[in-house]
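Lettering follows sequence order; numbering is per chain, from 1.
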Amino acid sequence: MSVYDTLAERGFIEQVTDEALIRDMLARHAVTCYIGFDPTATSLHIGSLVPIMSLVHMQREGHRPIALVGGGTALIGDPSGKSEMRRILTRDEIDTNAGAIKQQLARYLDFNDEKALLLNNADWLTELNYIEFLRDIGRHFSVNRMLSAESYRMRMETGLNFIEFNYMLLQSYDFYYLNKHYGCTFQMGGNDQWGNIVAGIDLTRRLEETRVYGITFPLLTTAQGHKMGKTEKGTVWLDAALTSPYDYFQYWINTEDADVERFLALFTFLPMEEIRVVRTLVDAELNMAKSVLAFEATKITHDEEAALSAWKASAAAFNLRPVDSKLFPSSAIPRRALTGDRSAITTINKSRKELEKGIAAFELFEEVGLCSSRGEARRLIAQGGAYANGSTIGRFDDIIGIGQLDDYGEIRLRKGKKSYVIIKIVE
RNA sequence: GGAGGGGUUCCCGAGCGGCCAAAGGGAGCAGACUGUAAAUCUGCCGGCGAAGCCUACGGAGGUUCGAAUCCUCCCCCCUCCA
């Protein structure tokens, strides 16, 4: 069984250039493969998790992944899948982002001894000479064919800028370049990258007379058709500083029923035989499967300690039932209740003096970040969605202070059913 | 370069002198129901501790008691012509 079968079985594959040849190639020898990552922010988010996991699977089976940070292509902006031209970032912004993303990817992939490579296409793209590029590369592209690509066709409606039109050539050049210099023969990417991948394959064949391959991943939405990785707190980032491991855990545990099996296959390394059991689970047991998904996913992106502490906090807050020992035997998730530990929940320190004085509830909710404005906090309280230590806050200007401290010296603030912040007294 | 159409709150999209913090939908938040799910129903959905004020309809000016709405210039996008 080759990685190809693993990827296929786990739901990673949408389109393939040549299934038989790819399966054979991956089974026969170590392959160098690549995926591009856009440095458009200082952190990747859940949307990049499918590509990342696929690279991890490749590495686990002895292949060599290249994570290509698109520092050069980001200067252009990929129009694929976008209905509008996006903001073009400055060189500095891109360099900062590229650096941050490199660090982040190192949590998933082993870059020691060149077992995986991190490259930035700015290194070669910015060296290109326009006239030479047109003569050597541009002549291999048919405008007619490019216009028939799905990614460009949809933009014919709203308008396509020339700078974006060149994106396909640059990504194609990347593939050619990686093939020539690193022996890379396999490109993977989201399904919106299909046109770019195929163009790169054509270009490499014309220039090098080498056959290279590609696959695309399905573009993931939830069973409801919502984009993944968006919550009331905004994007779910992979960086613990932007999205805490606890919030990350919560994102996964809130997965819709219909997505649990699919997500376990994509976002954990648990064996498929254990995952397939999910389709027989209902009610409480299905929620256990969500715990396992959240635990395993958090463990991969953060670490086991963070996953455990998020699990404990979540279990304490939601009276989570421990996962049955017969389910998911490969998972290291705890099988029995552990003492309540809420340390993973966002905690804000307050001095005794501040608490003695007390703070109006609507100001406090805004201050600790549960609400984005005092007005929002007032509305929340008016609608009965604000709680202190489990009881509803009646008036927007009720004073929260020293009197509400519990035995642990804490006040638990809650918004709705799921969002908590703990106020802790510091002497 | 010429002619026409357009840029509205997170997104789509109506409004085209006061009744506009701006219809409708989506997204989001809360409540009810539940299983920290989905679906459904209800309420909310720019900021400021009331009234009221401030900020917002591409940008800058102007007309008017009053401008998202009218005028001038500028920027950007689309369509057709060149």
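Nucleotide B:C48 forms a pair with B:G52, judged by Watson-Crick or G-U wobble geometry with both contacts under 3.5 Å. Look at B:A32: its Watson-Crick or wobble partner, with both distances under 3.5 angstrom, is B:U40. Base pairing analysis places B:G1 opposite B:C81; the two distances defining the Watson-Crick or G-U wobble pair are each below 3.5 Å. Across all strands shown, nothing is found opposite B:A68 as a Watson-Crick or G-U wobble partner with both distances under 3.5 Å. When Watson-Crick and G-U wobble pairs are counted only if both distances are under 3.5 Å, B:C20 pairs with no nucleotide at all.
Taking atom C1' on both nucleotides, B:C78 is separated from B:G31 by 45 Å, rounded to a whole Å. The same atom, C1', is picked in B:C11 and in B:A60; the two are 28 Å apart, to the nearest Å. B:G25 and B:U9 have their C1' atoms separated by 14 Å, with the value rounded to a whole Å. Rounded to a whole angstrom, the distance from the C1' atom of B:C76 to that of B:G58 is 8 Å. Distance check on atom P: B:U55 versus B:G47 gives 16 Å, rounded to whole Å. The gap from the P atom of B:A56 to that of B:G6 amounts to 25 Å, rounded to the nearest Å. Comparing the C1' positions of B:A3 and B:C20 gives a spacing of 34 Å, expressed to the nearest Å. When the C1' atom is used for both B:A30 and B:G24, the distance is 22 Å, rounded to whole Å.
When atom types are taken as modelled, the side chain of A:Asn120 and the backbone of A:Gly71 share a donor-acceptor pair closer than 3.5 angstrom.
For the pair A:Gly416 and A:Ser314, nearest-nucleotide mapping onto RNA chain B gives the more 5' position to A:Gly416. Of the two residues near RNA chain B, A:Ser372 and A:Asp283, the one whose nearest nucleotide lies more 5' is A:Asp283.
A:Glu19 is linked by a salt bridge (charged side-chain N to carboxylate O under 4.0 Å, His left out) to A:Arg23, counting only residues two or more places apart in sequence or in another chain. In this view, A:Arg276 and A:Glu9 satisfy the salt bridge (charged side-chain N to carboxylate O under 4.0 Å, His left out) rule, not counting sequence neighbours. For A:Phe12, the ring-ring contact (aromatic ring centres under 6.0 Å, His included) partners at least two apart in sequence or on another chain are A:His57. For the salt bridge (charged side-chain N to carboxylate O under 4.0 Å, His left out) test, residues two or more places apart in sequence or in another chain that qualify with A:Arg342 are A:Asp406, A:Glu410. A:Phe133 is linked by a ring-ring contact (aromatic ring centres under 6.0 Å, His included) to A:Tyr173, counting only residues two or more places apart in sequence or in another chain.
The stretch residues 317-327 of chain A comes close to RNA chain B through A:Phe318, A:Leu320, each having a heavy atom under 4.0 Å from the strand. Residues of residues 374-404 of chain A having a heavy atom closer than 4.0 Å to RNA chain B, listed by number: A:Arg374, A:Gly375, A:Arg378, A:Arg379, A:Leu380, A:Gln383, A:Gly384, A:Gly385, A:Tyr387, A:Phe396, A:Asp397.
For residues 391-402 of chain A, the side-chain hydrogen bond (donor to acceptor under 3.5 Å, both in side chains) pairs, not counting sequence neighbours, are A:Arg395-A:Asp397.
Across all their heavy atoms, A:Lys299 and A:Ala332 have their closest contact at NZ-CB, 4.4 Å. A:Ile253 approaches A:Leu320 most closely through the heavy-atom pair CD1-CD1, 4.1 Å.
Atom CD in A:Glu256 sits about 12 Å away from atom P in B:U40, given to the nearest Å. Here the P atom of nucleotide B:U34 and the CD1 atom of A:Ile253 are 20 Å apart, to the nearest Å. When rounded to the nearest whole Å, the span between CZ of A:Arg342 and P of B:U36 equals 18 Å. The interatomic distance linking A:Lys418 (NZ) with B:U34 (C1') rounds to 11 Å, in whole Å. Between A:Arg414 atom CZ and B:C29 atom C1' the separation is 15 Å, expressed in whole Å. Rounded to an integer number of Å, the gap from CZ of A:Phe362 to C1' of B:G47 is 13 Å. One atom, NZ of A:Lys312, and another, P of B:U36, lie 22 Å apart when rounded to the nearest Å. In this structure, A:Ile345 places its CD1 atom 15 Å from P of B:U36, rounding to the nearest Å.
Out of B:A32, B:G35, B:C48, the shortest distance to the side chain of A:Ser373 is found at B:C48. Residue A:Glu363 places its side chain closer to B:G49 than to any other of B:C29, B:G49, B:A32. Candidate nucleotides B:G31, B:U36, B:G35 were compared by shortest atom distance to the side chain of A:Leu286, and B:G35 ranks first.
Within the 4.0 angstrom heavy-atom criterion, only backbone atoms of the sugar-phosphate kind lie near A:Thr255; the bases stay farther away.
Remark: the A:Thr216 side chain and the A:Gln193 side chain contain no N/O donor-acceptor pair separated by less than 3.5 Å. The closest side-chain donor-acceptor pair between A:Tyr246 and A:Thr298, if any, does not fall under 3.5 angstrom.
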Let me check something: any side-chain donor-acceptor pairs from residues 363-372 of chain A under 3.5 Å, sequence neighbours excluded? List them with distances.
from, atom 1, to, atom 2, distance (Å)
A:Glu367, OE2, A:Lys350, NZ, 2.4
A:Ser372, OG, A:Glu376, OE1, 2.6

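Distances shorter than 4.0 Å separate some side-chain N or O of A:Lys417 from OP1 or OP2 on B:A32.
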